[in-house]
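Here is the structure we will look at.
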Amino acid sequence: MESKELILKRSGALFMKYGVKSVTMDDVARELGVSKKTLYQFFENKADIIHQMAIQHIQRDEEVIAEIRAVSSDAIDEILRVARHVAAEIVKMAAPSMIFELKKYYQKTWALLNEHKKNQIFHHVRKNIERGIREGLYRSSINADIIALLYLQQTECIHDSEIFPNDDYERKNLFLQCFQYHIHGIASEQGLKLLKERTEAAELAAY
């Protein structure tokens, strides 16, 4: 018998690769090598699988960020670790249409993800900014609430195919450009120096 967690993991891989609209319950059952009856023992329908995936994603994201905040040495270290985590998650999402499809066809799940962004993610970004200001790594003149909101809006734009057509722009690169724009806009002279040192160290470690 397949477990609920395994169904979510393997069906999630299908959704990430092909998008949520084109993948059917038959596709999920075929991927798992089980009958649709087995799937319906755990989930009401495809929409339920997608919604449970979103809940699982939010929980895992919160765990990762909590761990990063606990082990990071300063605000720059924290934001670099978070950026690497987010970039890795974007790479997993091979289907560029997934965000659009969630927004259009699965509004309950989209609302859940949007609420998470407006509350928890906003909270984490604001706390990082406040930490950086206290540590002298971010400019003291910036408003944490305003900058956090601006950053969230910027990251949302990278998934808008009307602004950034999927054939012309890679999502991971868009995120990294957005991140660079953000960090260079808020870092103090001391913060920029530390950012340069950390970035160069990471580049050397990659070889």
Side-chain angles (χ1 to χ4, degrees), residues 12 16 20 50-93 96 98-164 169 171-188 191-192 194-195 198-199:
M16 289 291 189
V20 293
I50 292 168
H51 197 73
Q52 293 300 319
M53 276 177 52
I55 292 173
Q56 189 181 70
H57 168 76
I58 289 171
Q59 291 172 342
R60 186 171 60 249
D61 218 39
E62 285 299 299
E63 290 170 0
V64 170
I65 292 176
E67 182 179 349
I68 287 174
R69 293 182 67 184
V71 301
S72 57
S73 57
D74 51 62
I76 296 288
D77 183 32
E78 178 185 314
I79 199 170
L80 286 173
R81 288 173 184 262
V82 171
R84 283 193 289 269
H85 166 67
V86 174
E89 290 296 305
I90 290 175
V91 168
K92 293 178 185 177
M93 194 183 300
M98 189 169 179
I99 298 295
F100 170 79
E101 291 173 353
L102 282 174
K103 189 174 183 179
K104 184 174 182 179
Y105 301 108
Y106 299 91
Q107 295 179 2
K108 178 183 175 183
T109 301
W110 179 253
L112 175 70
L113 293 169
N114 212 30
E115 191 68 18
H116 170 61
K117 182 176 182 178
K118 289 181 178 179
N119 291 300
Q120 288 102 316
I121 296 181
F122 169 77
H123 170 77
H124 295 316
V125 175
R126 184 183 63 191
K127 285 296 181 183
N128 176 263
I129 294 171
E130 292 172 345
R131 178 182 182 180
I133 293 173
R134 288 196 306 271
E135 295 170 343
L137 300 175
Y138 299 161
R139 292 184 290 108
S140 60
S141 60
I142 62 177
N143 182 295
D145 282 357
I146 293 174
I147 298 302
L149 285 170
L150 285 172
Y151 182 58
L152 291 183
Q153 289 302 310
Q154 288 171 359
T155 56
E156 188 170 320
C157 284
I158 70 175
H159 297 292
D160 190 330
S161 59
E162 291 188 3
I163 300 175
F164 298 108
Y169 298 94
R171 301 298 130 181
K172 179 183 176 182
N173 185 52
L174 282 172
F175 166 73
L176 292 175
Q177 291 292 319
C178 180
F179 168 73
Q180 289 289 338
Y181 184 78
H182 170 70
I183 189 66
H184 280 85
I186 65 175
S188 64
L192 288 173
L194 185 57
L195 176 66
R198 293 262 170 78
T199 303

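Closest heavy-atom contact between Glu78 and Asn128: OE2-ND2, 3.3 Å. Residue Cys178 comes nearest to Gln154 through the heavy atom pair SG-CB, 3.4 Å, listed as atom of the first residue, atom of the second, then distance. Here the shortest heavy-atom pairing between Cys157 and Ile163 reads SG-CD1, 4.2 Å. In terms of heavy-atom proximity, Gly191 sits nearest to Ile76 at O-CD1, 4.0 Å. The shortest non-hydrogen separation linking Asp77 to Ser72 is OD2-CA, 3.1 Å.
With contacts defined as side-chain heavy-atom distances shorter than 4.5 Å, the pair Asp61/Gln120 does not qualify. The closest side-chain heavy-atom distance from Ser161 to Tyr169 is not below 4.5 Å. Side-chain contact between His124 and Glu62 is present, with at least one heavy-atom pair separated by less than 4.5 Å. Side-chain atoms of Val71 and Arg81, non-hydrogen and from C-beta on, do get closer than 4.5 Å to each other. In this structure, the side chains of Phe179 and Ile79 come closer than 4.5 Å at one or more pairs of heavy atoms. Residues Arg69 and Lys127 have side chains in contact (heavy-atom distance under 4.5 Å, counting atoms from C-beta outward). Residues Leu137 and Arg131 form no side-chain contact, since every pair of their non-hydrogen atoms from C-beta on lies 4.5 Å or further apart. At a threshold of 4.5 Å between non-hydrogen side-chain atoms, the residues Tyr106 and Val20 count as touching.
Distance check, rounded to the nearest 0.5 Å: CD1 of Ile65 to NE2 of His123 gives 10.0 Å. For the atom pair Arg134 CZ and Ser140 OG, the distance stands at 13.5 Å (nearest 0.5 Å). Interatomic distance, CD1 of Ile186 versus CG of Leu150, reported as 11.0 Å (0.5 Å rounding). Note: Ile183 CD1 to Leu195 CG = 5.5 Å, rounded to the nearest 0.5 Å. To the nearest 0.5 Å, atom CD of residue Glu130 and atom CD1 of residue Ile147 are 12.5 Å apart. To the nearest 0.5 Å, atom CZ of residue Arg60 and atom CD of residue Glu63 are 8.5 Å apart.
Shown here is Phe164, whose CZ atom has more than 12 heavy atoms of other residues, nucleotides or ligands within 6.0 Å. Around the NZ atom of Lys117, the shell of radius 6.0 Å holds more than 12 heavy atoms that belong to other residues, nucleotides or ligands.
Between the side chain of Glu135 and the backbone N or O of Ala75 there is at least one donor-acceptor pair closer than 3.5 Å. Side-chain N or O atoms of Asn114 include none that pairs as donor or acceptor with a backbone N or O of Trp110 at under 3.5 Å.
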Subject >> Worked check of side chain to side chain contact (heavy atoms under 4.5 Å, CB included) between Arg171 and Leu174 >> reply: CA-CA 5 Å; Arg171 301 298 130 181; Leu174 282 172; 3.7 Å; yes
